Amino acid sequence: MAEKISFEAPRGMRDFYPEDMVWRNKVFDAFRASGEAFGFMPYDACVVESYELLARKAGEEVGEQIYHFFDKSERHIALRAEMTPTLARMVAQRQKELRFPLKWTTIAQCFRYERMTKGRKREHYQWNLDIIGEDSVLAEAEVIGAAVDALKRMGLTSADFKVRVSSRKFLGELLAKSGIPAEKHAQVFLALDKRGKMPDSEIAAMLRDGGLGEADVAATFAIMDTKSYAGCAELEELFALAATAGFADCLQFDISVIRGLSYYTGIVFECFDTAGEFRAIFGGGRYDNLLTTIGGEPTSAVGLGFGDVVVTELLKSRLGESAASGKKGVSVGFMTDAERDAALRLATSLRSEGEQVDLALKPSKPKKFFSNADQRGSAKAVYIGPDDVSSGKARMKDMTTREEKELSLV
RNA sequence: GCGGGAGUAGAUCAAUUGGUUAGAUCAACAGAUUGUGAUUCUGUGGGUUGCGGGUUCGAGUCCCGUCUCCUGCCCCA
């Protein structure tokens, strides 16, 4: 007898039971529908990449968080933590033959070895939208618009979430205007990112540790209180485009949106639930160095990453745990083996008409059959006994109203 | 990486603070009930109390270790 091993999935890895799959499909369906509606071309790629590609792009301590291993030929292999390096590789490989701008989308399974918290596993699916090779702010507007569209398809409204937007370029100009030297900007970005998560006194201390004088610290705090994007042409244009497209009510200017120390260079954005209960729903921005980091030609791009975990938690919280499951399909059952073929013929006939049919696999008592049909969520049920076979008629019951409608057996 | 809480039946929880054979309610299964699912009644199965060690006459309960889950922080797809 084999030794019993744990039935649990490895830490941080996810199983999708049928009741989970209902939610995942709801979310993925919205991703795909919005991607198509906004004209993005689907693509896909290998889950495994060379460690070198991922580590180069990720930099810093993120390398520690990559699942990696050596294959049988000692190649250093890693599971992707995000899609961007892979996208960069694929675009660079065909950079000369592709016609820009590209609008590409994918739902990518990504892995990351780190401490688990609410809304964060070691494995997740991330919907990616990228527009590559386009400088127009309309690119940002389309990417954000598509993500907002997906949230609405899932059943949320602008009252449930807000997309906070800012611009790194704008922030950099404000800092420069205040006389803070460019080499200190990274420090300020870090501090700004902490606003609200940490007392101001500690943020001030962080800034001083970073080599800023008192005047610079004061100037930084003044900039943190910036409430208007007036004077930033690209943000003004983005808000105007959002108004034209009809989703301006979902946008908010927020100078503190930084997106960490990552590669963004222009407009950046993050979407949060209005109640502030969950982590960021999606985030992204413009990055000019997508291809140059791996040795390709300079190309500007706008990208968005939208994970499945947080939004699913949000949907369950706002719409209810059972919101994704609706009654559908027909259950067909039979009393004894003598009616089995009649049941199979009926199931076959219903299926050819496009019905989703769950045929009982063995005879069952009516009580049991209807109980099971109810449990699995069938909208209708037909139970066939000897009398039905001899009369050539059976009754299809609506599981909600309990009304019965006669139908003839074949 | 740092801190807090918790693990008892399929699920939610008890167990008089260390005392006899670990209980209840749902759920499941069978029957009352061989022709139609929400009621009722009867019965049945179900547990190495997360795992390992220790203290004790005796451990679900106390101690140590370990694993897992939840929850803050750090960080971030």
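As the structure is a prediction and not an experimental result, all values here were calculated from the model. Each chain gets a letter, A, B and so on, in the order its sequence line appears, and its residues count up from 1.
Contact annotation for A:Asp308: no contact, since no heavy-atom pair falls under 4.0 Å across all strands. Residue A:Arg395 is classed as a base contact, given a heavy-atom separation below 4.0 Å to a base. Using a 4.0 Å heavy-atom cutoff across all strands shown, A:Met399 reaches at least one base atom of the nucleic acid. Residue contacts for A:Gly385: at a heavy-atom cut-off of 4.0 Å it reaches a base atom on one of the strands shown.
One donor-acceptor pair, N or O on each side, does fall under 3.5 Å between the base of B:A38 and the side chain of A:Arg402.
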- Can you give the dot-bracket line for RNA chain B, using ( ) for pairs inside the strand, [ ] for pairs that cross earlier ones, | for pairs with another strand and . for unpaired bases, where Watson-Crick and G-U count if both distances are under 3.5 Å? (((((((..((((.....[...)))).(((((.......))))).....(((((..]....))))))))))))....

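Residue order along RNA chain B, read from the 5' end via each residue's closest nucleotide, puts A:Lys327 first among A:Lys327 and A:His124. Where A:Gly305 and A:Tyr383 meet RNA chain B, the nucleotide closest to each residue was compared, and A:Tyr383 sits on the side nearer the 5' end.
Minimum atom distance to the side chain of A:Lys367 is reached by B:U40, of the listed B:U40, B:U36, B:A77. In this structure, of B:U36, B:A77, B:U39, it is B:U36 that holds the atom nearest to the side chain of A:Pro366.
Within the 3.5 Å criterion, the main-chain N or O of A:Ile223 finds a donor-acceptor partner in the side chain of A:Thr226.
Remark: A:Met396 pairs with A:Val330, A:Leu350, A:Lys380, A:Val382, A:Leu407 by the side chain to side chain contact (heavy atoms under 4.5 Å, CB included) rule, at least two apart or across chains.
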Please list each protein N or O that sits under 3.5 Å from an N or O in nucleotides 25-28 of chain B, with the distance.
none

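The gap from the C1' atom of B:U49 to that of B:A59 amounts to 11 Å, rounded to the nearest Å. The P atoms of B:G10 and B:G47 are separated by 7 Å, rounded to the nearest whole Å. The separation of B:U48 from B:A9, taken at their P atoms, amounts to 9 Å, rounded to a whole angstrom.
By the neighbour-count criterion of 12 heavy atoms within 6.0 Å, atom NZ of A:Lys316 is densely surrounded, having more than that number from other residues, nucleotides or ligands.
The shortest distance between the side-chain N/O atoms of A:Lys365 and the OP1/OP2 oxygens of B:U34 is below 4.0 Å.
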